[in-house]
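Right, one structure below, let's go through it.
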There are 4 protein chains.
Amino acid sequence: MDSKHSHRSEETKKAILTTAGKLFANKGYDAVSMREIAKQAKCSHTTIYLYFKSKESLLHQLSMPSLTQLKLKMQEIVQSNTLPPEKKLKEMSNQFIHFCLNNKNLHTIFINAKSTRVDEQKPELEINQIRLEIFSIMKNTLGECLSLPNDDQLLAYSRIFFYNLYGILSTYSYQHEPTEVLLERLIPTFGLSVEILILGFKANLKLVEGEG
Amino acid sequence: MDSKHSHRSEETKKAILTTAGKLFANKGYDAVSMREIAKQAKCSHTTIYLYFKSKESLLHQLSMPSLTQLKLKMQEIVQSNTLPPEKKLKEMSNQFIHFCLNNKNLHTIFINAKSTRVDEQKPELEINQIRLEIFSIMKNTLGECLSLPNDDQLLAYSRIFFYNLYGILSTYSYQHEPTEVLLERLIPTFGLSVEILILGFKANLKLVEGEG
Amino acid sequence: MDSKHSHRSEETKKAILTTAGKLFANKGYDAVSMREIAKQAKCSHTTIYLYFKSKESLLHQLSMPSLTQLKLKMQEIVQSNTLPPEKKLKEMSNQFIHFCLNNKNLHTIFINAKSTRVDEQKPELEINQIRLEIFSIMKNTLGECLSLPNDDQLLAYSRIFFYNLYGILSTYSYQHEPTEVLLERLIPTFGLSVEILILGFKANLKLVEGEG
Amino acid sequence: MDSKHSHRSEETKKAILTTAGKLFANKGYDAVSMREIAKQAKCSHTTIYLYFKSKESLLHQLSMPSLTQLKLKMQEIVQSNTLPPEKKLKEMSNQFIHFCLNNKNLHTIFINAKSTRVDEQKPELEINQIRLEIFSIMKNTLGECLSLPNDDQLLAYSRIFFYNLYGILSTYSYQHEPTEVLLERLIPTFGLSVEILILGFKANLKLVEGEG
DNA sequence: CATGAATGAGTGTTCATTCAT
DNA sequence: GATGAATGAACACTCATTCAT
């Protein structure tokens, strides 16, 4: 009996999470109402509050798994032995952009981190940590590409690398075009930007070495 | 006699503009309410409507002067005969970043396509036009650097160039550090990023030509 | 269990309808605010939106049932075989007045063209249609009385007939006297007015025919 | 010097009254804003408050002269020796309808009389008195038409007569069509209605006398 | 005498959230 | 475990009115 209950409960919660995830991603956090989520998840809007303290908390609980998943993907790519480092980096960038554009809502979390009330800062920290880990993985892969140790030079380069990614995101995050369409159209450009940066880094390295 | 009146009026208007600029930049256009602006500008929310026809018009009046000024600076640089194109582009990038960071993060407005519904009237179009002009000026300068005609290749490169700039802006816009300090510390990195991109473009061009 | 809920809900909705009806009639649609309705209906103004999509829809739902009922009564009278046409018309007029006065002065809504923007959607059109149907039924009955075909002459006469009815309504709608008392006292006058109009129409017809 | 001042002052006041009158009549009391009046009267909106305590008071001061004028017109018609009583009544009805449709705003005064604050009830009473006088003039003229003394019979008839007028007003007061256009189109119908009523009254009189 | 600056109360509407069931 | 009913706060915006000049 209990199991049946809790089973249903689990299902409802999952439905809410799935629906909210889809809606947040498609329309943006602000543009989605609790009632809308409830309707699509086929439950009452009050039911959501049984599982999530607030809309914000729903967003948080929603983001962690996605971010974790992204991190896992990154790690998979790292461990793939078949890909040359440059391809790895390209693939990572694609994944990163894909993920961020598909989770437009995450912006609000990343950016408004500071506004989180002090008494619930733990999830924040977790999110931040994963962000740093992802950053680190990509920096290392860039190091591989350029045969560079983990030094200040690499840090500077990877910053520039991330400028490019953030620039892409900030350019396209608020576009109203459906994400998939957008991506299909733009992925080649993004790939090109990665290639060019690597070429640029290498060329710059030669210059620097020449000087040194 | 009148001067006291008009002086007060000027001050109020300025306070509204300043406050709105700060708030829009920090929280995004949608997330800021007229009452919030009014409260921080220490006036009634209805007072805002004395000076600005609507929230959207406030945004517009807020963005236009800065953008126009930026465009003028860009044109000055273009016309300078003493600088080689690469230096011009670097200088433009500096100006661009300087300007966006100094105009308290209005870059969200500049970059953000959100406030630019295509089917709306003139105001946004003006903003958009200036944005396009600035983009165009820099694209042309990049063309000079790479000895490229104004074709699709150049367009793709200049997009990538802008990703870098936007990425820089979105990374540092929310920093609490005073802008000047920030800039002094980071300008070298930004310069480096421009250099690397140009190197990358050139290297990529050789590859493409080799192929062709 | 549910019954308590749904009971309360029914009551609230009814309270809103009643209150809105009274207020619209007394002060006019535009002059009544949702908050005012809510306050008098002893609920929050947002509660209204639980039951009615908008202010306009509230007006609509308020008018439709009464109007429909009135139309049905009219049709009954038409089909009665025992009454001579003149009596039918008198009875219809009585019903019309009765109804409008009883439905707390909704006549402002019925008569008032204001809420009937032509370029709007269905709801007002429905109301308008019923209004026209009622008008049509009475016009036809007037035609029977005067042995007139459905031509412009009849249209002109029936307009005048309706002026009389509307005049009665606009005269007595704002009286504070309870409707029933009012009606008992005035019904003879109203009857007289119908008689006089019919006499007048007939006399006028003779004149017109004499001319022709 | 003083005279110049007070001259200007008078002019301003007159401009305000004229403009407000026009606007109230064309758009209705509620739909006109003080700023709109001021702009068209070429003064500041605050200036209006130098001459009129409030918007409502402006409406009142505006209505009295018009009503008085209407009364005067009625009296002129009464005293005209050339017109037969029936023509007089027709002309009076025309004037009445004309006036009321041209001063749509007066509705709010007539109808909302009760809502006037106690401490300024004098104008109310004045207005009411004039209304009664006008009613009386027309009743007497109707008496002339029907060769009836000022008894209950005449009172009943004149009530019916006014139902017709009020019906016309309530039908067309809220039309958005410009008044003049409306009137040109409808005046014939109104004339017909007066004729028919008189015919009806006469016929009814014969019936009553036959009975008696 | 006249005005520009400023405001509080109000409009319809939406939303996340709570409470009783 | 789940829900319908209900609400207060907020949104952009308008208005009649007041105050200092």
Side-chain angles (χ1 to χ4, degrees), chain A residues 2 4-9 12-13 30 32-38 43-56 58, chain B residues 1-13 30-38 42-56 58, chain C residues 1-13 30-38 42-56 58, chain D residues 2 4-9 12-13 30 32-38 43-56 58:
Chain A
D2 240 355
K4 213 173 190 177
H5 257 182
S6 71
H7 177 58
R8 181 130 114 84
S9 158
T12 308
K13 185 172 181 180
D30 282 337
V32 175
S33 81
M34 293 299 258
R35 283 184 145 82
E36 200 177 352
I37 297 169
C43 67
S44 160
H45 56 285
T46 56
T47 301
I48 302 180
Y49 289 91
L50 295 178
Y51 300 104
F52 305 96
K53 221 192 67 184
S54 68
K55 194 184 175 190
E56 200 172 343
L58 174 53
Chain B
M1 331 228 152
D2 246 353
S3 77
K4 216 169 192 174
H5 254 170
S6 67
H7 177 59
R8 185 132 103 91
S9 164
E10 284 288 307
E11 267 187 358
T12 308
K13 185 171 182 180
D30 282 336
V32 175
S33 82
M34 293 300 258
R35 282 178 153 86
E36 197 178 356
I37 297 170
K42 276 161 202 212
C43 68
S44 161
H45 60 282
T46 57
T47 300
I48 301 180
Y49 290 92
L50 254 41
Y51 300 101
F52 306 94
K53 221 192 62 186
S54 66
K55 193 185 176 189
E56 200 149 348
L58 174 52
Chain C
M1 331 230 152
D2 246 353
S3 77
K4 214 169 193 174
H5 254 170
S6 68
H7 177 60
R8 184 131 105 89
S9 165
E10 284 289 308
E11 267 187 359
T12 307
K13 184 172 183 179
D30 281 337
V32 175
S33 82
M34 295 298 258
R35 285 175 158 83
E36 197 178 356
I37 297 170
K42 276 161 204 213
C43 68
S44 162
H45 61 283
T46 58
T47 299
I48 302 181
Y49 289 92
L50 253 42
Y51 300 102
F52 306 94
K53 220 192 63 186
S54 67
K55 194 184 176 188
E56 199 151 349
L58 174 53
Chain D
D2 240 355
K4 212 173 188 177
H5 257 183
S6 70
H7 177 58
R8 180 131 114 84
S9 159
T12 308
K13 184 172 181 178
D30 282 336
V32 175
S33 81
M34 294 298 259
R35 283 184 143 82
E36 199 177 352
I37 298 170
C43 69
S44 161
H45 58 283
T46 55
T47 302
I48 302 181
Y49 290 92
L50 295 177
Y51 300 104
F52 306 94
K53 221 192 65 183
S54 68
K55 194 185 176 188
E56 200 173 342
L58 174 54

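From a predicted model like this one, the values you see are computed outputs, not experimental measurements. Chain A is the first sequence line, chain B the second, and so forth, proteins listed ahead of strands; every chain is numbered from 1.
With sequence neighbours excluded, no residue satisfies side-chain hydrogen bond (donor to acceptor under 3.5 Å, both in side chains) with B/Ser33.
Here the shortest heavy-atom pairing between C/Glu36 and C/Ala31 reads OE1-O, 3.8 Å. Closest heavy-atom contact between C/Cys43 and C/Thr12: CB-CG2, 4.5 Å. Minimum heavy-atom separation, C/Ser54 to C/Met34: C-CE, 4.2 Å.
Taking only side-chain nitrogens and oxygens, C/Ser54 never comes nearer than 4.0 Å to OP1 or OP2 of E/dG12. For the pair B/Tyr51 and E/dA6, the criterion of a side-chain N or O lying under 4.0 Å from OP1 or OP2 is met. Phosphate contact (OP1/OP2 of F/dC11, side-chain N/O of B/Ser33, threshold under 4.0 Å): present. An OP1 or OP2 oxygen of E/dT3 is reached within less than 4.0 angstrom by a side-chain nitrogen or oxygen of D/Thr47.
Listed nucleotides E/dT7, F/dG8, F/dA16 differ in distance to D/Lys55; the shortest reach to its side chain belongs to F/dA16. Distance from the side chain of B/Tyr49 is smallest for F/dA12 among the nucleotides F/dG4, F/dA9, F/dA12.
Taking only distance into account, the side chain of B/Thr46 meets the base of E/dG8 through a donor-acceptor pair shorter than 3.5 Å. Side chain C/Arg35 to base E/dG10: no donor-acceptor pair is found below 3.5 Å. Contact of C/His45 with E/dT13 (side chain to base): a donor-acceptor pair of N or O atoms is detected under 3.5 Å.
Between atom NZ of residue D/Lys13 and atom CD1 of residue D/Ile48 there is a gap of 13.0 Å, rounded to the nearest 0.5 Å. The CD1 atom of A/Ile37 sits 12.0 Å away from the CZ atom of A/Arg35 when rounded to the nearest 0.5 Å.
As a whole-Å value, the separation of C/Lys53 NZ from E/dT13 P is 10 Å. In this structure, the CZ atom of C/Phe52 is 14 Å from the C1' atom of F/dA5, given to the nearest Å. Atom CD in A/Glu56 sits roughly 12 Å away from atom C1' in E/dA16 (whole-Å rounding). Between the P atom of E/dA6 and the NZ atom of B/Lys13 lies a distance of 12 Å, rounded to the nearest Å. Whole-Å rounding puts the B/Met34 CE to E/dT11 C1' distance at 16 Å. Across the protein-nucleic acid pair, A/Asp30 atom CG and F/dC11 atom P stand 12 Å apart, rounded to whole Å. Going from atom CD1 of A/Ile37 over to atom P of E/dT17 covers 10 Å, rounded to whole Å.
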Pair assignment for DNA chain F - dot-bracket with | for other-strand partners, Watson-Crick or G-U under 3.5 Å
.||||||||||||||||||||

Between D/Asp30 and C/Asp30, is a side chain to side chain contact (heavy atoms under 4.5 Å, CB included) present by the stated rule, with each step listed?
CA-CA 9 Å; D/Asp30 282 336; C/Asp30 281 337; 5.6 Å; no

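Between B/Leu50 and D/Ser44, the residue whose closest nucleotide on DNA chain E is further toward the 5' end is D/Ser44.
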